[in-house]
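Computation of the quantities below employed the complete heavy-atom set of this structure, encompassing side-chain atoms and omitting hydrogens, waters and symmetry-equivalent molecules. Count residues from 1 along the sequence.
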Amino acid sequence: VNLDACINCGLCVRACREVQVNDVIGMAYRGHGSKVVFDFDHTLYDGDSGSHLFKWLIERNPWRKALALLIAPVFGPMIAFMPTRRRGISAFVWVGTLGMRTVADFDAATDRYVVAHTDTIKRRLLPIALDVLRKHREAGDRVVIATGAPPELARAILSFVAHEDLPVIGTRVGPKYGAIGAVRHCHYRMKMTMIRDAGFAAPVAKAYSDSSADLPLLQAAQHPVVVNPKAKRIAMFRRVLPAGTPILNWGCPRRGGDPV
């Protein structure tokens, strides 16, 4: 479905509600408007939200905890290197979800985690980032969150904690060897593909991200903004992005960028 081509007639919403009785689609984020894309981790959220979730899932179960300790010497070092990072992360995701049979089970566990840690998560959400996001919404821009984390995690955090209802595109997960694993990683060029596949085909007017893994997104945007980058990556961003691209720090003390 190309949401950019929507003429706001409402027929699809009525069919969903009155014929299919599903009520799973609405009129939000349809039609023309500037498309603004935010990464989530280290952009809106100070830290790696996925690692916080999976750490909790592992530690609350003694069998998962023992298994994580067993695989750590092999898969732990993989996370430090980009070529093997996804494989290392996938191993701990598998351990953290062992015994979950469906995506619904995983989403329910994710929601429980967010509800149980609302205060902690609230302190990690970056006020400057949320203010920028809200200003885009008030201006009528079509704001999309595109993250490497599972989409339900970012969606739950934004909904339960930040009280923002936004479309979230993230790493697609599914049943895998008795647990839950990534089916399609929302990462690098695939993130752009997944944004388009979700119906957001309009050009990206503005993109915000901290990560070199989002270079395809930043380079595709008419106005890229680098936020909270690692200090050692700043020179690379200045080299590959247009001259004058803002490189900002929205309140991450361990990250680089010009303070706002």
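Taking 4.5 Å as the limit, some side-chain heavy atom of S90 sits within range of a side-chain heavy atom of H185. Considering only heavy atoms from C-beta on, I121 stays 4.5 Å or farther from T118 through its side chain. With contacts defined as side-chain heavy-atom distances shorter than 4.5 Å, the pair Q222/P203 qualifies. Here the side chains of V260 and N249 are not in contact, with every heavy-atom distance at 4.5 Å or above. Annotation: side chain of T245 is not in contact with side chain of V225 (no heavy-atom distance under 4.5 Å). Residues L133 and I145 form a side-chain contact, since some pair of their non-hydrogen atoms from C-beta on lies under 4.5 Å apart. Using a 4.5 Å cut-off on side-chain heavy atoms (C-beta onward), M100 and L57 make contact. Within the 4.5 Å cutoff, the side chain of D46 has heavy atoms near those of the P253 side chain.
Note on L69: it does not cluster hydrophobically with V93, by side-chain heavy-atom contacts below 4.5 Å among ILVMFWY residues. No chain of hydrophobic side-chain contacts below 4.5 Å, direct or via other Ile, Leu, Val, Met, Phe, Trp or Tyr residues, connects V132 to L126. Linking Ile, Leu, Val, Met, Phe, Trp and Tyr residues whenever their side-chain heavy atoms come within less than 4.5 Å leaves W94 and W63 in two separate clusters. Under the 4.5 Å side-chain heavy-atom criterion for ILVMFWY residues, no single connected hydrophobic cluster contains both V183 and V95. Residue I79 is grouped with residue V74 when hydrophobic side chains (ILVMFWY) are merged at heavy-atom distances under 4.5 angstrom, including chains of intermediate members.
With H42 as reference, R255 is the one residue of R255, R254, K230 to meet the side chain to side chain donor-acceptor pair (under 3.5 Å) rule. Of the residues K135, H136, K206, the one that meets the side chain to side chain donor-acceptor pair (under 3.5 Å) test with D141 is H136.
Using a 4.0 Å cut-off between charged side-chain N and carboxylate O, E138 and R134 make no salt bridge. R124 and D41 are not joined by a salt bridge, as no carboxylate oxygen comes within less than 4.0 angstrom of a charged side-chain nitrogen.
For the pair A198 and I169, the tightest heavy-atom approach, listed with the atom from each and the gap, is CB-CD1, 3.8 Å. Taking all atoms of both residues into account, the shortest heavy-atom contact from I58 to G96 is CG1-CA, 3.6 Å. Of all heavy-atom pairs between V168 and P151, the closest is CG1-O, 3.6 Å. In terms of heavy atoms, D111 sits closest to A156 at OD1-CB, 3.6 Å. In plain terms, the two heavy atoms of S212 and Y188 that are nearest each other are O-CE1, 4.2 Å. Closest heavy-atom contact between K191 and A146: NZ-O, 2.9 Å.
In this pair, F38 and W250 present their aromatic rings tilted. The plane angle is within the 30 to 60° band.
Here the side chain of S51 pairs a donor or acceptor atom with the backbone of D48 at under 3.5 angstrom. A distance-only check finds a donor-acceptor pair linking the side chain of T102 to the backbone of D105 [under 3.5 Å]. Side-chain N or O atoms of D214 include none that pairs as donor or acceptor with a backbone N or O of S209 at under 3.5 Å.
Interatomic distance, W56 CH2 to T110 OG1, rounded to the nearest 0.5 Å: 8.0 Å. Distance check, rounded to the nearest 0.5 Å: NZ of K35 to CZ of F200 gives 8.0 Å. Atoms CG and CG, on D165 and L158 in that order, are 9.5 Å from each other to the nearest 0.5 Å. If you take CG on L248 and OG1 on T43, they are separated by 11.0 Å, rounding to the nearest 0.5 Å. Distance check: R142 CZ to L166 CG gives 12.0 Å after rounding to the nearest 0.5 Å. The distance from the CZ atom of R64 to the CZ atom of F92 is 14.5 Å, given to the nearest 0.5 Å.
The neighbour count for R85 CZ, taken as heavy atoms of other residues, nucleotides or ligands under 6.0 Å away, does not exceed 12. For R87, the CZ atom counts as loosely surrounded, since its 6.0 Å shell holds 12 or fewer non-hydrogen atoms of other residues, nucleotides or ligands.
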Is there a side-chain contact (heavy atoms from CB on, under 4.5 Å) between V36 and V144 once you walk through the steps?
CA-CA 6 Å; V36 178; V144 181; over 6 Å; no
For D197 and T193: C-alpha separation, side-chain torsions, deciding distance, then whether side-chain contact (heavy atoms from CB on, under 4.5 Å) applies.
CA-CA 6 Å; D197 288 352; T193 300; 3.6 Å; yes
Before giving the answer on side-chain contact (heavy atoms from CB on, under 4.5 Å), spell out for V114 and V161 the whole-Å C-alpha distance, their side-chain angles and the decisive distance to 0.1 Å.
CA-CA 8 Å; V114 172; V161 183; 4.0 Å; yes
What do the steps show when you test L44 against Y208 for side-chain contact (heavy atoms from CB on, under 4.5 Å), and what is the final call?
CA-CA 9 Å; L44 296 170; Y208 298 89; over 6 Å; no
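Applying the under-4.5 Å side-chain rule to Ile, Leu, Val, Met, Phe, Trp and Tyr, the cluster around V240 extends to L215, L218, V226, I234, M236, F237, L241, I247.
R86 and H187 share no side-chain donor-acceptor pair at under 3.5 Å.
Ring centroid separation for the pair Y45 and H52 comes in under the 6.0 Å cut-off.
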Can you give each donor-acceptor pair under 3.5 Å made by side-chain atoms of residues 170-178, sequence neighbours left out, with the distance rounded to 0.1 Å?
{"from": "T171", "atom 1": "OG1", "to": "G148", "atom 2": "O", "distance (Å)": "2.6"}
{"from": "T171", "atom 1": "OG1", "to": "C186", "atom 2": "N", "distance (Å)": "3.1"}

